[in-house]
Amino acid sequence: MNPSSDSGDERDQGLHAASELLRALASPVRLGIVRELAGGSKPVHELVAALGVSQPLVSQHLRVLRATRIVSARRHAREVEYSLTDDHVAHLVLDAIRHAQE
């Protein structure tokens with residue numbers, strides 16, 4: 001087996017994974033959710049209030065973020081709190097927002 005082809009496969013996998021991450025973030029609402037969760041976990045109603053969009057829309061976008069393991073959910077009594085699974089994603093999003101505003 002050619003060692004250079006192994007590293008090429010790993011690079012290709014990394015590119016694919018990065019592409020999936022960026023695709024999952026490619027929505028203003030999802031970017032807003034990540035920005036809000038960068039400050040700590042929040043229940044859906046707080047995300048709705050912060051983003052100014054409907055609860056069903058926030059829930060739909062949270063499903064995408066959960067499916068790609070960007071956010072996780074934890075039930076507290078009758079409420080579900082969402083949090084980021086990795087702070088690196090928050091840094092990417094916050095840097096992208098700052099860069100776009102320059």
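In this chain, residues are counted from 1 in sequence order.
A single hydrophobic cluster is not seen to contain both I97 and L22; linkage of ILVMFWY side chains at heavy-atom distances under 4.5 Å, directly or through other members, places them apart. L57 and Y82 fall within a single hydrophobic cluster, where Ile, Leu, Val, Met, Phe, Trp and Tyr side chains are chained together by heavy-atom contacts under 4.5 Å.
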* **Trace of the side chain to side chain contact (heavy atoms under 4.5 Å, CB included) decision for T85 with S72** => CA-CA 6 Å; T85 58; S72 61; 3.6 Å; yes

* Asked: Does the side chain to side chain contact (heavy atoms under 4.5 Å, CB included) test come out yes or no for H99 and D95, once each step is laid out?
  -> CA-CA 6 Å; H99 179 73; D95 286 346; over 6 Å; no

* Would you sort out whether V53 and V48 count as a side chain to side chain contact (heavy atoms under 4.5 Å, CB included), showing the intermediate values? => CA-CA 6 Å; V53 296; V48 167; 5.8 Å; no

* To do: Go through the steps to decide whether L47 and L37 satisfy the test side chain to side chain contact (heavy atoms under 4.5 Å, CB included), and finish with yes or no.
  => CA-CA 8 Å; L47 293 171; L37 295 179; 4.1 Å; yes

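In this structure, D86 CG and H91 NE2 are separated by 8.5 Å, a value rounded to the nearest 0.5 Å. Atom CZ of R23 is separated from atom NE2 of H16 by 7.5 Å, given to the nearest 0.5 angstrom.
The nearest pair of heavy atoms linking A73 to V80 is CB-CG1, 3.6 Å. Between E81 and H76, the closest heavy-atom pair is CG-CD2, 3.7 Å. The shortest non-hydrogen separation linking L25 to I70 is CD2-CD1, 4.0 Å. The minimum heavy-atom distance linking R35 with L94 is given by the pair CG-CD2, 3.8 Å. In terms of heavy-atom proximity, L84 sits nearest to A90 at CD1-CB, 3.5 Å. Shown here for L62 and V71, the closest heavy-atom pair between the two residues is O-CG2, 4.1 Å.
Taking a 6.0 Å sphere around NE2 of H88, one finds it holds 12 or fewer heavy atoms contributed by other residues, nucleotides or ligands. R74 CZ: 12 or fewer foreign heavy atoms inside a 6.0 Å radius.
With T68 contributing its side chain and V64 its backbone, the two residues share a donor-acceptor pair below 3.5 Å. Between the K42 side chain and the E36 main chain, a donor and an acceptor come within less than 3.5 Å of each other.
Between R63 and S59, the side chains place no donor N or O within less than 3.5 Å of an acceptor N or O (distance only, hydrogens not considered).
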